[in-house]
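Shown next, in structure tokens, is the structure this report addresses.
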Protein chains: 2
Amino acid sequence: MARVLTPRSEDFPRWYQELLAKAELADNGPVRGTMVIRPAGYAIWERMQSEMDERIKAAGAQNAYFPLLIPESYLRREAQHVEGFSPELAVVTHGGGKPLAEPVVVRPTSETVIGEYLAKWVSSYRDLPLLLNQWANVVRWELRPRLLLRTTEFLWQEGHTAHATQDDARRYARRILHDVYEDFMRTVLAMPVVAGRKTARERFAGATNTYTLEGMMGDGKALQMGTSHELGQNFAKAFDVVFSGRSGTREHAWTTSWGSSTRMLGGLIMCHGDDAGLRVPPRAAATQALVTVVKEGEGVPRAAARLRDELEAVGVRVALDDRVDTPFGRRAVDAELKGFPVRIEVGPRDLAAGNVVLVRRFDGTKTSVRVGAIVKTVVETLALDQQALYDAALARRDAGTVEVKTTDDAIAAAIAGKWARVPWSTMGAEGETKANGEGVTIRCLVRQDGTVPDAEDEPGLVAVVARAY
Amino acid sequence: MARVLTPRSEDFPRWYQELLAKAELADNGPVRGTMVIRPAGYAIWERMQSEMDERIKAAGAQNAYFPLLIPESYLRREAQHVEGFSPELAVVTHGGGKPLAEPVVVRPTSETVIGEYLAKWVSSYRDLPLLLNQWANVVRWELRPRLLLRTTEFLWQEGHTAHATQDDARRYARRILHDVYEDFMRTVLAMPVVAGRKTARERFAGATNTYTLEGMMGDGKALQMGTSHELGQNFAKAFDVVFSGRSGTREHAWTTSWGSSTRMLGGLIMCHGDDAGLRVPPRAAATQALVTVVKEGEGVPRAAARLRDELEAVGVRVALDDRVDTPFGRRAVDAELKGFPVRIEVGPRDLAAGNVVLVRRFDGTKTSVRVGAIVKTVVETLALDQQALYDAALARRDAGTVEVKTTDDAIAAAIAGKWARVPWSTMGAEGETKANGEGVTIRCLVRQDGTVPDAEDEPGLVAVVARAY
């Protein structure tokens, strides 16, 4: 078979670009660093949104919408925040045909504008916790853009909450980390992410603590898939989010924020894609099963349409490919590129014998299945493949992770495309500086048992070191 | 009972502002003309999105996402388009800390950027029709902002399609008008909108024909609730959207665009709201039934929770209000403000007698219902109220519409808060100019039988004349 994509082992970034183009997932926008998410890519993003949104609501947060345009002065109110975001801002200086009295920025994130409204809406401990989320676009001017992973504009959800105590804020930031993000990434995206705590240097601008979820891509590099921040009282003080406590005292609230974006779609592609194209985990797939008419023949179109209806009736997301004037081989290659979890090929000869062919995208296996058994088999196969993709990614992550004892060994391993686990006490801030100089970062700190530390100075922590997107 | 809102008859705009604030639906943003959509408002918008999205997909369009930032030069390619939108643009002149070589605009709408990609993706008649939609925010600098109705930033869906023939483009623009917009507005929003054709003067900038849906608000003014445009070959020529036809000829495509926005939420409020607050049609309501614990008492909280579960089990969107430390009267006023279609009051005395009280927001009626019959009664009442709101709005629209014979009478009726139906042949472009001078516009042209005309010069057309938001 002719090769469709540059093999990953030959040139991973090129494989990724070609896959995005040929599977019609995304394209570059006209303004440098922006992107177009094409229908095939957007359909997966919609599935992701729906699964995430359900979890966010189950965690008690309500959706709302805050403005895109933020007065520049808002950003200046929190010193670290403005320092972190200033180099990335898009600034609107003209509106309605006139220069603006005060320039406004296109939101890079919404802590500041939401801080302003938290201050209006919170007055008593009875108003807390106040749990908000929004689905929105944000703009961060990107010097080294990469489609879906690092773009000047991206789509995301950003949660913003206010709490009466530090303890409650911390518990909620961790709840989002585990019950929303980690659960979604593991069970829907089939990605064995590592949950940990960022070092002080890698924290969000304005946070007192950042939790993260890191995924291993097909080339061994890490991708930050989502973060959840404790903001302490930093933004509450900058925006005067004050409440009266039970005993009448006036106190600043404790806030959190947390975000995950279309970058997860890039992560999904880079984690599960193979040399034939994308492999979409069934739970994230907009189309889980593609019923393909191999060629015209006695009863074939009718049988294929009936099969489509039967699969739909049991809740499988199914599409029908009956474009018999396009060569079958080309359609098969296209289906592999797009990564539909299973294909059911309906052809005249098989059908005459009462069979159809089930093709698993996961491993390419083809099985002849009785027509009467195919619906049940598809449902079972989708469940199996969801787990199989997870298991394969976990095996790759474990094989790609090494335990080392020194900073130098950690850096060398990272440069070789591995994740290195090294004692944080050995590495420290000094080792982190050295690693950064080599293009290597500490992705997160974790405990020996894999759980997430409460503080950076807990004894026995492990630094997970890697190159990253 | 103390008055909660300024009565509509006293000051309709003030009633609207107070309702948005007290029902916690929306608030002004920090940049003039922008808005915050609060959770209670956003939850209705999410219901609207979900119902609309289903209809858009049923019409064959696929969702995608195109960039927020558009090179200024793109807008200049279509002469009428740039002329129409230039006064409303927000312009980004700085990005990443530097002045930009070419300024970029924040999209006011996406015909231009999508035109660029249609040109890339369309090459043969086999690629047509190409049917796209996106859910996005847009920015149009607004000099006289009004929350939800006319805001500098708003949320919307915008559809963009390319077709091989003018006829196919026209049929699709009408399909969206009727099967998506009109059906949604009538059956979900319970609004008896009038579908018609815009005059040349009221067309979208760059369109050859604009279809519209107009709703009557509580003060008799009109609100344009959604539009569907035939763009002819204007954008296809500006962006070189060319395809090879069956016989090998190279032809420009025919395109359409169509949009509906958060303005519909303002329309819903202004159509159905009364002096006690909002009335949300059950199909658009995020919370259809509120189970209220009147006060503590033997078995009351348990009975209320069980009722909530039973309603949820039959698919009613239900919430439980058990805040017994807040006075019952205050909670009832709040529920009326927010417009939940039905309330079920569970109190100790009624419950002891085996009853609960059903309160219909539609007309305020209270009925004692046996606990065993309440689920069925709620389901029936929701269906009844959906229809009742529609019927009431239709009766108001009919009572507020007059047939007149002259332009002067039409203008006078519009100024008096009516919709005037006047022969288009009598009024003409000259009458339209005169009306515009009085702050009155032709909302649309319709046929005598209420159907939508194919051309402005069809004989016997009626102009619907009104003041509008």
Side-chain angles (χ1 to χ4, degrees), chain A residues 24 27 29-43 45-46 53 62-71 74 86-98 100 102-104 106 113-114 116-117 120-121 132 134-137 139-143 151-153 155 262, chain B residues 24 27 29-43 45-46 53 62-71 74 86-98 100 102-104 106 113-114 116-117 120-121 132 134-137 139-143 151-153 155 262:
Chain A
E24 303 180 347
D27 203 346
V31 173
R32 187 178 146 75
T34 64
M35 67 176 161
V36 174
I37 308 177
R38 301 183 66 177
Y42 200 85
W45 175 241
E46 280 183 314
D53 197 63
Q62 292 183 293
N63 285 340
Y65 187 76
F66 293 83
L68 173 75
L69 302 176
I70 302 180
Y74 276 33
S86 282
E88 302 179 1
L89 296 177
V91 186
V92 175
T93 55
H94 290 68
K98 290 185 194 157
L100 300 178
E102 183 192 347
V104 300
V106 182
V113 64
I114 294 180
E116 178 82 4
Y117 288 85
K120 288 175 84 165
W121 299 335
L132 298 172
Q134 77 173 357
W135 290 94
N137 54 345
V139 170
R140 298 176 185 180
W141 216 264
E142 193 53 67
L143 298 179
T151 47
T152 289
E153 180 193 11
L155 305 184
T262 37
Chain B
E24 303 181 347
D27 203 345
V31 172
R32 187 178 146 76
T34 64
M35 68 175 160
V36 173
I37 308 177
R38 301 183 66 176
Y42 200 84
W45 174 241
E46 281 183 313
D53 196 65
Q62 293 183 293
N63 285 340
Y65 188 76
F66 292 83
L68 173 76
L69 301 176
I70 302 180
Y74 276 33
S86 282
E88 301 179 0
L89 296 178
V91 186
V92 175
T93 54
H94 289 68
K98 291 184 193 155
L100 300 178
E102 184 191 347
V104 300
V106 182
V113 64
I114 293 180
E116 178 82 4
Y117 287 85
K120 288 174 85 163
W121 299 336
L132 298 172
Q134 77 172 357
W135 290 93
N137 54 345
V139 170
R140 299 177 185 179
W141 217 263
E142 193 54 67
L143 298 178
T151 47
T152 290
E153 180 193 11
L155 305 184
T262 36

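Throughout, protein chains are lettered first and strands after them, A, B, ... in sequence-line order, and every chain is numbered starting at 1.
- Most heavy-atom pairs under 4.5 Å with chain B, from the set A:Asn63, A:Thr151, A:Thr93: that is A:Asn63.
- Looking at B:Leu155, the atoms closer than 4.5 Å to chain A (heavy atoms on both sides) all sit in the side chain, from C-beta outward.
- Among the candidates B:Pro87, B:Ala40, B:Ala43, B:Gly97, the residue making the largest number of heavy-atom pairs closer than 4.5 Å to chain A is B:Pro87.
- Residue contact with chain B, scored on non-hydrogen atoms closer than 4.5 Å, involves the side chain of A:Glu46 exclusively.
- Contacts of B:Trp45 with chain A are absent, with no heavy-atom separation under 4.5 Å from either backbone or side chain.
- In plain terms, the two heavy atoms of B:Ala90 and A:Val92 that are nearest each other are CB-CG1, 4.0 Å.
- Contacts with chain B were tallied for A:Asp27, A:Val104, A:Val139, A:Thr152; A:Asp27 has the most, counting heavy-atom pairs under 4.5 Å.
- Put simply, the side chain of B:Leu132 does not reach to within 4.5 Å of the side chain of A:Tyr42, judged on heavy atoms.
- Neither the backbone nor the side chain of A:Lys98 comes within contact range of chain B; no heavy atom of the residue lies under 4.5 Å from a heavy atom of that chain.
- Here the side chains of A:Phe66 and B:Pro30 are not in contact, with every heavy-atom distance at 4.5 Å or above.
- Rounding to the nearest 0.5 angstrom, the gap separating the CD atom in A:Gln134 from the CD1 atom in B:Ile37 is 10.0 Å.
- When atom types are taken as modelled, the side chain of B:Gln62 and the backbone of A:Pro39 share no donor-acceptor pair closer than 3.5 angstrom.
- The part of B:Asn137 that comes within reach of chain A is its side chain, from C-beta onward, which places non-hydrogen atoms under 4.5 angstrom from that chain.
- Closest approach of A:Val31 to B:Leu69, counting heavy atoms only: CG2-O, 3.6 Å.
- Minimum heavy-atom separation, B:Glu153 to A:Leu68: OE1-N, 2.8 Å.
- With a threshold of 4.5 angstrom between heavy atoms, B:Ile114 does not approach chain A through any atom at all.
- Contacts with chain B were tallied for A:Val113, A:Val36, A:Thr34; A:Val36 has the most, counting heavy-atom pairs under 4.5 Å.
- By number of non-hydrogen pairs under 4.5 angstrom with chain A, the leading residue of B:Gly41, B:Pro71, B:Pro67 is B:Pro67.
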